[in-house]
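Just so you know, these numbers come straight off a predicted model, no measurement behind them. So you know, we letter chains A, B, ... as the sequences are listed, proteins then strands, and number each from 1.
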There are 2 protein chains.
Amino acid sequence: MEASVTPKTARGEATRRAILSAAEDVIGMRGFNDASITDITREAGCAQGTFYIYFKSKDEVFAELVVEMGRLLRHALSEATEAAPDRLSAEKEGLRGFLTFVIAHPNLYRIIQEALFVNPDAYRAYFQTFADGYREALAAADAGGEIRPGDPDVRAWMLMGIAKTLGERAVVWGDETPIDDVVEAAHDMIVNGLKR
Amino acid sequence: MEASVTPKTARGEATRRAILSAAEDVIGMRGFNDASITDITREAGCAQGTFYIYFKSKDEVFAELVVEMGRLLRHALSEATEAAPDRLSAEKEGLRGFLTFVIAHPNLYRIIQEALFVNPDAYRAYFQTFADGYREALAAADAGGEIRPGDPDVRAWMLMGIAKTLGERAVVWGDETPIDDVVEAAHDMIVNGLKR
DNA sequence: ATCCAATATGACACATGGTTCATGTTTCAT
DNA sequence: ATGAAACATGAACCATGTGTCATATTGGAT
C-alpha cells in the first residue's frame, strides 16, 4: 500500500477531482462492493493505476467521500438555519435545508448510509458531530425556556431520525411530494411535540 | 446455480436451521461482504458444500433472513400493541416493543439496514409493509378524531424514523439508557406532537 | 438386513477485482 | 532547450471466495 500523493499541479489536481467525483457517482449508484476501481477510473477517464497515485485504497476514497458529505452538509445546514430567530424555526429550516441537500446529492446520501457497513469509524465520526451539535442546541433552547423540558439527547436522535428517514423516503423511495409540503407536515408534529 | 432443496428429514431440517442461524450471526457481525460461506459453515459445523444443498446462494440466505426479521418483528409488535386502548398508547407500546426486539436481535437489525445495499427489493418489501400498516393506523386514528389532523404518510415515516434511529442508537452505538427511560422521553414528544 | 434416497463432504475450478510496477509521457523551472 | 519531478499507463500479479462436483456416509422404509 503505497502512500498517496497530493497533487502539485493543476493537471494533477484536476485528475484527483475527476477520480473523486467519479467515485461519488459510481459508488453512490452501484454501492461500494459492486463499484470496481475499473468502473471509477473509466468514469474518470484515466487508467486504473492513476487511481493509486492519489488514493491509497478503495477504502480511503470512500472515507474521503464521507468526510466531504459531512463538510458540505454542515455548510448547507448552517446556511439554512442562520437566519432562524428561535429553535423551532431553526428546526423547520434545518429540515428543509437537509431535504433540499440530500435530494440534490442522492449519491452522497447513499454513501453515508453505506458507511455504517463499509467504514463504521467514518460513520460514527460523521454522525457524532451532528448528534453533539443537535443535543447542545436543544439543551440550550430548553435552558432558555424556549421549548418543553425534556431529554435533549433522545430528542436529538429523534429529530435526526425524522430527517434521515424523510430523506430516505425522497432519495431511495423516489417519493415526489414537494419538499415544502413534507416540511409543513413534519413541522406540525415537531413543533407541537417540542413547544411549551 | 443448483436448485436449493427443502429438508425431508429431521436431520436435514436441523442442518438447515444451523446454517441459517450461523448466517444470522456471521453476517450480522461481520457484514454481508466480509462474511464468507466458509465462515458461515464453520460456525454451523458443516462442510462448505452443505450450504448449497439448502441455499442457492449467499444472496438467497440473506433474503431469507430479511423475511425472517420482518415476520418476527411483526409478531413482536402486534403482541406489544394488542392491549393498547388507543393510538397514542399503541405508539408508546409499539416503540417499547420495537426497542426491546432490536436489542434482543442486534444481528437481525444490522442485516435489515444492510439490505438496502445488498438486496434493495427485500428491503423495500420489508419496509413497505410497515409503512403501509402505520399509515393506515394513523389515518384511522385521524378519521376517528383521536389525534390532530395531519398527513398520515409523512407521520408514518417520521415515527418509523424515530424508532429506527433510537434502535440504532442502542444497537450500533451501544447506548445503555434503559429502554423505559428512552420510551418515556420519546413518547413525550410524540404524544404532544400528535394529540389534538 | 438391505437398499435407496437424502444428506454430507471438501478439494478445486473458476471468476473477480484490488493493488503493484516497470515503463512512458507531460509539465515546468532554470 | 533541457533535465528532473510530476503525472499517467495498463498489463499482470495475487489474494479471495463463490459455487461445483465426484464421492462418501447416514438413516429410515420395506
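When heavy atoms are screened at a 4.0 angstrom cut-off, B:Thr50 is found touching base atoms of the nucleic acid. Backbone-only engagement by B:Ile37 is indicated by non-hydrogen atom pairs under 4.0 Å involving sugar-phosphate atoms exclusively. As judged by a 4.0 angstrom heavy-atom cut-off over every strand, B:Ala35 is placed among residues touching the sugar-phosphate backbone only.
Computed from coordinates, the A:Glu13 CD to D:dA8 P distance equals 11 Å when rounded to whole Å. Summarising the geometry, the separation between CG on A:Asp34 and P on C:dA15 is reported as 19 Å, rounded to the nearest angstrom. The distance from atom CZ of B:Phe62 to atom P of D:dT18 is 14 Å, rounded to the nearest whole Å. Nucleotide D:dT18 holds its C1' atom 16 Å from the NZ atom of B:Lys56, rounded to whole Å. Atom CZ in A:Phe32 sits roughly 8 Å away from atom P in C:dG18 (whole-Å rounding). Atom OH of B:Tyr54 is separated from atom P of C:dA6 by 11 Å (rounded to the nearest Å). Rounded to a whole Å, the CD1 atom of A:Ile27 is 14 Å from the P atom of C:dG17. Rounded to whole Å, the distance from CD1 on A:Ile40 to P on D:dG10 is 17 Å.
Inspection of the B:Tyr134 and B:Glu91 side chains reveals an N or O donor paired with an N or O acceptor under 3.5 Å. Residues B:Glu93 and B:Thr81 have side chains that never bring a donor and an acceptor to within less than 3.5 angstrom of each other. Judged purely by distance below 3.5 Å, without hydrogens or angles, the side chains of B:Asp59 and B:Ser57 never pair a donor atom with an acceptor atom.
When each of A:Ser36 and B:Phe51 is assigned the nucleotide of DNA chain C with its nearest heavy atom, B:Phe51 is the one assigned upstream, toward the 5' end. Closest-nucleotide positions on DNA chain D for B:Arg11 and B:Gln48 were compared, and the one nearer the 5' end corresponds to B:Gln48. Taking for each of A:Asp59 and B:Gly12 the nucleotide of DNA chain C with the nearest heavy atom, the 5'-most of the two is the partner of B:Gly12.
For B:Phe101 and B:His105, the ring centers sit closer than 6.0 Å to each other.
Residue B:Arg17 qualifies as open at atom CZ: its count of foreign heavy atoms under 6.0 Å is 12 or below.
Here D:dA8 is the nucleotide among D:dG10, C:dA8, D:dA8 with the atom lying nearest to any side-chain atom of A:Ile53. Here the side chain of A:Thr9 is nearest to one of C:dT7, C:dT27, D:dT18, namely C:dT27.
Residue A:Lys8 places no side-chain N or O under 4.0 Å from the OP1 or OP2 atom of D:dA6. Between B:Tyr52 and C:dA8 there is no side-chain polar atom (N or O) within less than 4.0 angstrom of OP1 or OP2.
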